[in-house]
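Worksheet for the structure shown next.
Nothing here was measured: the structure is a model prediction, and the numbers come from that model.
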Amino acid sequence: MSLLFSSLLQILSFLTVLSFKCIFSLSLETDRQALISFSSQITSESPNSPTSWDLNSSPCNWVGVACNRFGHRVVALNLSSMGLSGSISPYIGNLSFLRSLELQNNQLSGTLPDEICHLSRLRLLNLSSNSLHGSIPSNISKLRELTVLDMSMNHITGRIPEALTLLANIQVLNLGRNLLWGTIPPSIGNLSSLEDLILGTNTLSGNIPSCLSHLRKLKVLDLTINNLTGIVPSTIYNMSSLVQLALAANQLWGEIPSDVGVTLPKLLVFNFCFNKFTGTIPGSLHNLTNIKVIRMASNLLEGTVPPGLGNLPFLEMYNIGYNRIVSSLGFIITSLTNSTRLKFLAIDGNLLQGVIPESVGNLSKDLSKLYMGGSGIYGDMPASIGHLTSLTLLNLSYNYITGEIPAEIGQLENLQKLDLAGNRIAGRIPDSLGNLQKLNQIDLSGNELVGRIPTAFGNFHSLLSLDLSNNKLNGAIPKEILNLPSLSMTLNLSNNFLNGNLLEEIGFLESIVAIDLSNNSLSGNIPSLLKNCKSLEKFYIARNSLSGPIPISLGELKGLEILDISHNHLSGSIPFELVKLQALQSLNLAFNDLDGVVPCDGIFTNLTRVQLEGNPKLSLHLTCQNSRGRGRRLIKVYIVISIMATLALCCSIGSLYYIRKKRAKVALSSSSLIKEHHQLVSYHELRQATGNFNERNLIGSGSFGSVYKGYLGDGSVVAIKVFDTKQVGFEKSFFSECKALRNLRHRNLVKLVTSCSSLDLKNEEFLALVYEFLDSGSLEDWIKGKRKKENGFGLNLMERLNVAIDVASAVDYLHHDSEVPVVHCDLKPSNILLDEDLTAKVGDFGLARLLMEKAGDQTSISSTHVLKGSIGYIPPEYGLSVKPSVAGDAYSFGVLLLVLFTGKSPTDESLQGEQNLVGWIQSAFPTRPLQVLDPDLLMLMDTLGHEDHSINAELQQECVITILEIGLSCTAASPDSRISIRHALRKLQATKDSLVNSSPKASKYDEQDKYLSQSSPS
């Protein structure tokens, strides 16, 4: 009996074990299928990724998968930094035992599936550094065990949900670098376990909730780069657990408590820069002996620098630039000598007193950037400055420094930028400067330097810009600096006492953009080899003693915009080749000994842009005319046009009646567009305005026809868009543009002046639209470097951001605020024009469509399904016969934004195979986003910083990354996943506000464009 009972127990035990194995096997199979579904929606080129999983083996053996100790369930999934793309499968919610999910540093896109909130055991969720969009799931409160939630560096939108505040165990909450808006929920103060709260680089607004001070365990509070306002709650300064307090780039104000260094004893990072804080620098701050970063630049702080800097042995960054601080420079420098880890020191833009002490050489050997410009410093530069051998940037500009440049400066072997402009430095330029072979920018202008330019400057193999203007230098221009192929930005030697001939070696500067040699004593001829400077746009050599003829070879400088050779002794006639310079905007030949006849073509057709006075031997040809249309040739033209017009009228009176019916609809549309202010102009008026549609007045062409620059009878300058009547659908394009612009009024739309619907001299139909003329050309010209500013530079960060906001404002108006919503359908840089103030205006509505119906958030139109737009800017759904929509415009705007800041066209040859511009930029996130930026912009970002008395490079980089993220959010593959133009506009405006508010020149921008308010008609 006992034997039988024992056998039954064994059988029962066996069956129990077998049943558990079956259950566990079924559970593991559930996890396996969930992982297979997950891998089916992602791709990767990495050999160690889900694409390499052996589906015939246990998932516990797969790369990135971890199971519990029994091997029954998957408990962790770590696929970080595997180059994954695609979306997150909702089947991931079936991994019910999952405790850790790490998908950071990939290129995952799409929205976060709600099913992820079924993972009730999840403790760690890291989705940072991807391209996820949409909002945070509303049911995220189900993840009650969650301790770490990191969704930073994505495109997450919407408000911070109140549901997050139900995560009672959360320790790290990182939502930084997204597109979140709204206020910070006060209930976050109830998360008693929270240690890190990072919400920086969003568009959060409102005040900082005082209840955040309830977070007794909080170590990191990062709210940088938002739109937060008001006074920082006093209780925040009593959070003794804080290690990092970063509130930079907001609109916060008030005084910082004097005892902050006592109430925050553990502080390592104190970042309050780019706000509106007043009062003095808290003296107690310098008692924080472990602090690494103090950033208080660009506020309204005053008073003196308190003592105690010498107690900060771990300090790496000290930035108090651009405040109203009055203190002794010697005290600041000497007290910092004990900070042996200091890498960045910026005390510029204050009211400092005294000379640079010898102790400056005792500063940290790791110091790489030293900003002391615009601070009222006087006296000599100490030789000990040569001890700072790690310096890459030295800025002492616009002070009252005297004496000579110490030869020891040649010991700064890592120096890349030297700016000593605007001082009273005398003596010779030391030859030792030639030792600094890493220098790329030198500015010694506005001093009292004497002697010759050192031939050792020929050692600068990386030099981009050299400015020695406004000194007392003499001697000849050494051929060594004319043989620097790297010199591509500026060579400015103006306002000195240089003499001798201008050498033919100047032709070696093939990449130079601007040369200014004016106001010297140079003699001899203008070198003919100047023609080799193919990139030259501005050449000033006025007020010298040059003689001989104007070289014919100057006509080969196709990109030349400004040529000033006035006040010399040049003789001979004006070369006819100068009329071929179509880019030439200003020509100054005044006060020379020129003779002969002034040419009639090219720039000479508008004598307001040519200065010829002081050349008594010159004479105007009888057939020449000035820009206002006076002269004998114009009289002849009027007579001929009148005769031809009469003949044309007689010949076409019969056909006019027939064509009038055909065009009645178009003519009515165009006339109604302009009837309030303008009358239709005739074909002959436009023919006269453009010089018989002369090719020299042609400023653009496309599939629609051609655009000419013209001068109407009242003297106004206009752009005349002439439609090619041989193209299929030309009337439809004309009608579309008229219809779209009939009631549109916005400062960022190109203004339609009038229109023309007539017959030409061949009795053929003639259609044209007359727009305002914008002096600064198209955005495409600026992006491609065809246009630059007078200083030789392209568009800097703020200017590009302003352009982006201008375009977004116009498109937002078209979508939301016009009488009938309009879809532009062809947003691209060539259709964005800039005026003389670089204000951007959207033009070319030939493909525009009016939205006829609106139902909720869905918008439809009554147009055909024809593919509309330009290659690279067309949203993918248009290729599937989806009707044009506001989401399509958002996609085109996103591409335009990416092109504007990367300088790379979507049809660039480097984008081979299936890779497009959007994918190329996405691949750079999050590890190397700055590598995709336009190199010209990267170079200018530093110029926009301390040299322009504005903001530093770190904030600029953060803002540029945000802008690229906005572009990627607009270019999501699915129309439903894209952010709207209005959302993009709000984000861009917030980015601009963070830059503007960071600058002591903020008032310059405060009264300028209020872009959000300009979304309504004006």
Side-chain angles (χ1 to χ4, degrees), residues 243-244 261 267-273 281 283 285-297 304-323 325 327-350 352 354-373 375 377 379-397 399 401 405-406 408-420 435-436 438-439 942 945-947 952-954:
V243 173
Q244 177 176 330
L267 214 56
L268 300 181
V269 176
F270 186 80
N271 187 355
F272 273 43
C273 60
I281 297 177
L285 202 61
H286 298 134
N287 296 326
L288 301 172
T289 54
N290 293 319
I291 199 161
K292 295 182 178 180
V293 175
I294 298 177
R295 296 186 62 192
M296 307 180 72
T304 61
V305 176
L309 284 177
N311 299 327
L312 307 177
F314 298 103
L315 190 64
E316 296 179 2
M317 173 180 284
Y318 190 70
N319 186 355
I320 57 172
Y322 299 104
N323 281 288
I325 297 169
S327 195
S328 166
L329 177 65
F331 162 74
I332 297 175
I333 296 296
T334 302
S335 59
L336 279 170
T337 54
N338 291 331
S339 299
T340 56
R341 300 187 182 185
L342 193 65
K343 298 178 182 178
F344 184 106
L345 175 59
I347 54 179
D348 46 340
N350 283 291
L352 305 182
V355 301
I356 304 174
E358 284 287 341
S359 59
V360 71
N362 297 328
L363 289 173
S364 168
K365 302 303 179 186
D366 295 327
L367 188 66
S368 64
K369 293 186 179 180
L370 177 57
Y371 294 94
M372 295 196 296
S375 299
I377 302 170
D380 296 353
M381 290 176 59
S384 61
I385 205 167
H387 297 165
L388 304 175
T389 54
S390 294
L391 275 185
T392 60
L393 182 148
L394 175 61
N395 186 342
L396 302 176
S397 61
N399 284 293
I401 298 173
I405 301 174
E408 289 78 3
I409 204 169
Q411 299 172 14
L412 305 178
E413 56 187 18
N414 291 303
L415 200 64
Q416 298 176 23
K417 186 167 186 177
L418 175 62
D419 192 347
L420 305 178
N435 299 334
L436 309 181
K438 294 183 180 180
L439 273 175
D942 188 57
H946 286 278
E947 287 65 43
N952 66 17
E954 182 180 354

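The side-chain hydrogen bond (donor to acceptor under 3.5 Å, both in side chains) check on S335 picks up nothing, with sequence neighbours excluded. Applying the side-chain hydrogen bond (donor to acceptor under 3.5 Å, both in side chains) rule to E358 yields the partners S384; only residues at least two apart in sequence or on another chain are considered.
Of the possible donor and acceptor atoms, none in the side chain of N350 sits under 3.5 Å from a partner among the backbone N and O of S327. In terms of modelled atom types and a separation under 3.5 Å, the side chain of N414 and the main chain of T389 share a donor-acceptor contact. Side chain of S368 to backbone of K343: a donor-acceptor contact under 3.5 angstrom is found. When atom types are taken as modelled, the side chain of S375 and the backbone of I377 share no donor-acceptor pair closer than 3.5 angstrom. Side-chain N or O atoms of N399 include one that pairs as donor or acceptor with a backbone N or O of S397 at under 3.5 Å. Side-chain atoms of S390 come within 3.5 Å of backbone N or O of K365 as a donor-acceptor pair. Judged by distance alone, with hydrogens and angles left aside, the side-chain atoms of N287 form no donor-acceptor pair with the main-chain N or O of G261 at under 3.5 Å.
Scanning all heavy atoms of the two residues, the minimum distance from E413 to K438 falls at O-CD, 3.7 Å. The shortest heavy-atom contact between I294 and L285 is CG2-CD2, 4.0 Å. For the pair N323 and M296, the tightest heavy-atom approach, listed with the atom from each and the gap, is ND2-O, 3.0 Å. A pairwise comparison of heavy atoms in G410 and N435 identifies O-CB, 3.7 Å as the closest pair. Contact record, I347 with L345: CG2-CD1, 3.8 Å, taken as the closest heavy-atom pair.
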Checklist entry - Going through the checks in order, is the side chain to side chain contact (heavy atoms under 4.5 Å, CB included) test met by M372 and I333? => result CA-CA 11 Å; M372 295 196 296; I333 296 296; 4.1 Å; yes
Checklist entry - What do the steps show when you test L418 against I409 for side chain to side chain contact (heavy atoms under 4.5 Å, CB included), and what is the final call? => result CA-CA 10 Å; L418 175 62; I409 204 169; 4.0 Å; yes
Item to check | Worked check of side chain to side chain contact (heavy atoms under 4.5 Å, CB included) between V305 and L352 | outcome: CA-CA 10 Å; V305 176; L352 305 182; 5.6 Å; no
Checklist entry - For L420 and I401, what are the C-alpha separation, side-chain angles and deciding distance, and is it a side chain to side chain contact (heavy atoms under 4.5 Å, CB included)? => result CA-CA 9 Å; L420 305 178; I401 298 173; 5.9 Å; no
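Rounded to the nearest 0.5 angstrom, I385 CD1 and I356 CD1 are separated by 5.5 Å.
Checked against L367 for a side chain to side chain contact (heavy atoms under 4.5 Å, CB included), the options V360, T392, L342 give a single hit: L342.
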